[in-house]
Amino acid sequence: MLPILASAGNGLQTLIDNAVATGENHVVIPAGEHRLDDGLRLDGLTDFTLEGDAAVLVFTQWNDGGILATNCKGLVLRGFTIDFDPLPFTQATVESKNPETGEVFFDVHDGYPDLSPKLLTGRAHIFNPNTLDWKKGAPDIYANEAKAITPRKGVLTFYSDRRHVFDAIEQGDYIVLDFRHSRGIRIENSGDVRIEDVTIWTVPSIGVICRFMDGENYFNYRIERGPTPEGANVPRLFSTCADGFNYAYARTGPILENCDFSFMGDDAVNLHGIAFYVAKVKGNVVYLLRPYSVEGYASVIRPGDEVRSMDPESFDIKGTATVSEFAVDQADAKEFASIAKSVWKSYAVKPGRYTVYRLELEGPLTVKTGDFIDIPAISAPGYIIRENNFHNHRGCGMRIMSSDGLIENNRIENVKQAAIKLGHELAFFREAGWVRNIKIVGNTIISVSFDPKLQAKSSYAPGAISVFHRGASSEAPWPASKHHDIIIENNLIEETGGPAIFLNQSRDVVIRNNTILDTNLDSSPKCGVDYGLNASLPISINNSTEVLVD
């Protein structure tokens, strides 16, 4: 067992602050377990390295733990492990279920947290008790109600509208209850960052999250399940409660190499930009709305950047222009108060919290109130994702809404949804727009896309590799715009619930020299019918032109 060092409270923060004050640019965290009552803050540092000598940083409170780095240039984080205690999840065994009442009763495993209100959201994950992996073919679990009978016994209740979920749970299954809060490592308004030889065992949300980035940012780290807690008889089933890596609103895409991510509660990698809602147009000035407090877009949006206006139903690109000036402008904010909640459906949107931005254009743009606008230059273009291993987790291997990228020689295995999912998420998350110039080369994809929702009528990305589009509703007209200039070659794709490769609303695509085995193992004739899609073939192509399959 590692020694527990006298770093509690703000001890480690003091060590860092004192080093910075005396001009030191390299701090080594001593080996051992450091229990920290507060998160670590790194602000305004240049060419600074925080290195662990096999140190384990254990954050003891959920709301503001982890590392927050802001306004840093040339920051290096290296050689330590991150964990939380208490764990931000608990796990249990299903003891019984009552088909008449739709109730599932469970007992919490020894050594894991009691059933606090934070854990009783109704969200759960089903694990196979023999393999300790996600139960294959089981849906995501959202109970109508979750209650604690005692601190160690609970019940999930499913009404008739969620009967299919109730039926997927069996006596003896293991379940995980989690929540999302705080961070592992969050980096903002920074550039030329490196994270190397870092391990994350668990965090209450995303492992590494980056916002408003520039420069060359390099990532090589691990996410894995941590050691079995003291007094527990069952190993941990979970690592992070959300994505392994989430990177957005950035002028340059990340470089991810030789990472190994597993057992996360969501996607391994998520790259995206932003779609602003057009609240008002006045000549060449467009007022944009976001339902959040002021964010750092002004630090990454620059004169000369391309602006694309998009139809709010089809998301067709209506026109393009260039940025002259971008700034926060709250002068007329009150008139837009009622809009924010109706436009964004995410649970993260809080009533009464919104920001208005003033976008001045160099020339006219075809745009009106109610449209959306995206700026491709801040959607993390120019990324490289290669030689990584993403496996045994919920969500997608990669969820990519960014252009000009290389996805090469990765292994994606035992992932619930698509291994690689390219396209815009304008309909719900309002993230980014149309993608272009992407190479998907030499990847190994095994046993993916068995989430039952991928075979539903509303499915829009059922393939192991999916290039997708969906409008605001199934009735939205088809746009003229397409994702384009995509190469998919020399990949091995084996054992998939749906197609190996699924294209929709694409052009200038090359699909070449791929090895495809055992696909469409869960195919349903209803898959995608709400959107008029066909996903019945190993390579399924919809609404696309100039596609070469060789």
Side-chain angles (χ1 to χ4, degrees), residues 1-13 15-16 28-42 50-69 77-91 109-114 116 118-119 125 132 176-187 195-209 219-232 234-245 259-266 268 392-393:
M1 178 179 291
L2 292 173
I4 298 178
L5 303 180
S7 308
N10 293 318
L12 188 52
Q13 184 72 61
L15 175 67
I16 295 168
V28 177
I29 307 169
E33 180 181 296
H34 301 256
R35 298 185 67 83
L36 306 172
D37 297 337
D38 299 294
L40 292 179
R41 300 291 190 271
L42 307 173
L50 179 64
E51 184 167 8
D53 179 15
V56 178
L57 310 184
V58 181
F59 296 95
T60 61
Q61 58 97 3
W62 292 332
N63 291 339
D64 195 23
I67 297 172
L68 175 61
L77 304 177
R78 179 191 297 136
F80 54 83
T81 296
I82 291 176
D83 200 12
F84 275 71
D85 182 20
L87 295 172
F89 65 88
T90 198
Q91 54 190 63
H109 292 161
D110 291 344
Y112 291 88
D114 287 346
S116 67
K118 277 186 176 291
L119 294 168
H125 309 262
L132 304 185
V176 168
L177 307 175
D178 70 316
F179 70 94
R180 297 182 180 183
H181 210 308
S182 191
R183 69 188 77 83
I185 300 173
R186 185 180 181 101
I187 304 173
I195 296 180
E196 302 172 320
D197 191 28
V198 167
T199 298
I200 297 174
W201 285 338
T202 194
V203 301
S205 184
I206 295 169
V208 174
I209 180 170
F219 303 87
N220 166 224
Y221 65 102
R222 296 177 61 85
I223 297 175
E224 61 188 24
R225 299 189 284 201
T228 302
E230 185 177 351
V234 179
R236 295 195 205 188
L237 300 174
F238 230 47
S239 60
T240 66
C241 294
D243 299 341
F245 180 76
C259 297
D260 192 306
F261 298 170
S262 60
F263 295 100
M264 299 86 67
D266 213 336
N392 304 87
H393 64 85

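Any value given below was found using the heavy atoms of this structure, including those in side chains, with hydrogens, waters and symmetry copies removed.
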G184 and V203: which non-hydrogen atoms are nearest, and at how many Å? CA-CG1, 3.4 Å
Decide side-chain contact (heavy atoms from CB on, under 4.5 Å) for V198 and V208; before the verdict, give the C-alpha distance in whole Å, the side-chain angles of both, and the deciding distance to 0.1 Å. CA-CA 11 Å; V198 167; V208 174; over 6 Å; no
Audit row: T202, F238, side-chain contact (heavy atoms from CB on, under 4.5 Å) steps and yes/no: CA-CA 7 Å; T202 194; F238 230 47; 5.7 Å; no
With sequence neighbours left out, what residues match F219 under ring pair (Phe, Tyr, Trp, His ring centres under 6.0 Å)? F245
Checking T240 side chain against I206 main chain: does a donor-acceptor pair fall under 3.5 Å? no
Measuring from K118:NZ to N63:CG, what's the distance to the nearest 0.5 Å? 5.0 Å
Do L57 and E33 come close enough that some side-chain heavy atom pair is under 4.5 Å? no
The criterion is ring pair (Phe, Tyr, Trp, His ring centres under 6.0 Å); which residues satisfy it with F80, sequence neighbours excluded? none
Is it the case that the side chain of S239 and the backbone of F263 share a donor-acceptor pair, with hydrogens and angles ignored and the cut-off at 3.5 Å? yes
Looking at OG of S262 and CD1 of I223, how far apart are the two atoms once the value is rounded to the nearest 0.5 Å? 8.0 Å
Measuring from L40:CG to F59:CZ, what's the distance to the nearest 0.5 Å? 4.5 Å
Tested for side-chain contact (heavy atoms from CB on, under 4.5 Å) against H34, the lone hit among V56, I29, V58 is I29
Please enumerate all residues that pass side chain to side chain contact (heavy atoms under 4.5 Å, CB included) together with L237, with sequence neighbours excluded. Q91, F127, L132, Y174, V176, R225
Looking at A69, is its backbone amide N or carbonyl O close enough to the side chain of R41 to form a donor-acceptor pair, meaning the two atoms are under 3.5 Å apart? no
Please list, chain by chain and in numerical order, all residues satisfying salt bridge (charged side-chain N to carboxylate O under 4.0 Å, His left out) with E196, sequence neighbours excluded. R78, R194
Restricting to ring pair (Phe, Tyr, Trp, His ring centres under 6.0 Å), what partner residues turn up for Y112, sequence neighbours left out? none
Salt bridge (charged side-chain N to carboxylate O under 4.0 Å, His left out) partners of D178, counting only residues at least two apart: R123
Residues passing the salt bridge (charged side-chain N to carboxylate O under 4.0 Å, His left out) test with D110, sequence neighbours excluded, are none
Residues at least two apart in sequence or cross-chain that pass salt bridge (charged side-chain N to carboxylate O under 4.0 Å, His left out) with D266, listed by chain then number, are R180, R394
Name all residues meeting the side chain to side chain contact (heavy atoms under 4.5 Å, CB included) criterion together with P86; count only those two or more places apart in sequence or in a different chain, and write none if there are none. W62
For residues L87 and R236, determine if any side-chain heavy atom of one lies less than 4.5 Å from a side-chain heavy atom of the other. yes
Spacing of L50 atom CG and I67 atom CD1 [to the nearest 0.5 Å]: 6.0 Å
Measure the spacing between CZ of F84 and CH2 of W201 and express it to the nearest 0.5 Å. 14.0 Å
Looking at residues at least two apart in the chain, or sitting in another chain, which of them share a side-chain hydrogen bond (donor to acceptor under 3.5 Å, both in side chains) with T60? D37
Under the side chain to side chain contact (heavy atoms under 4.5 Å, CB included) rule, collect the residues that match up with S182, sequence neighbours excluded. P204
With R222 via side chain to side chain contact (heavy atoms under 4.5 Å, CB included) - residues at least two apart: T199, E224, D260
Give, for atom NE2 of H393 and atom CG of D243, the distance between the pair rounded to the nearest 0.5 Å. 9.5 Å
Between R183 and S205 (side chain of the first, backbone of the second, donor and acceptor by atom type, cut-off under 3.5 Å), is there such a pair? no
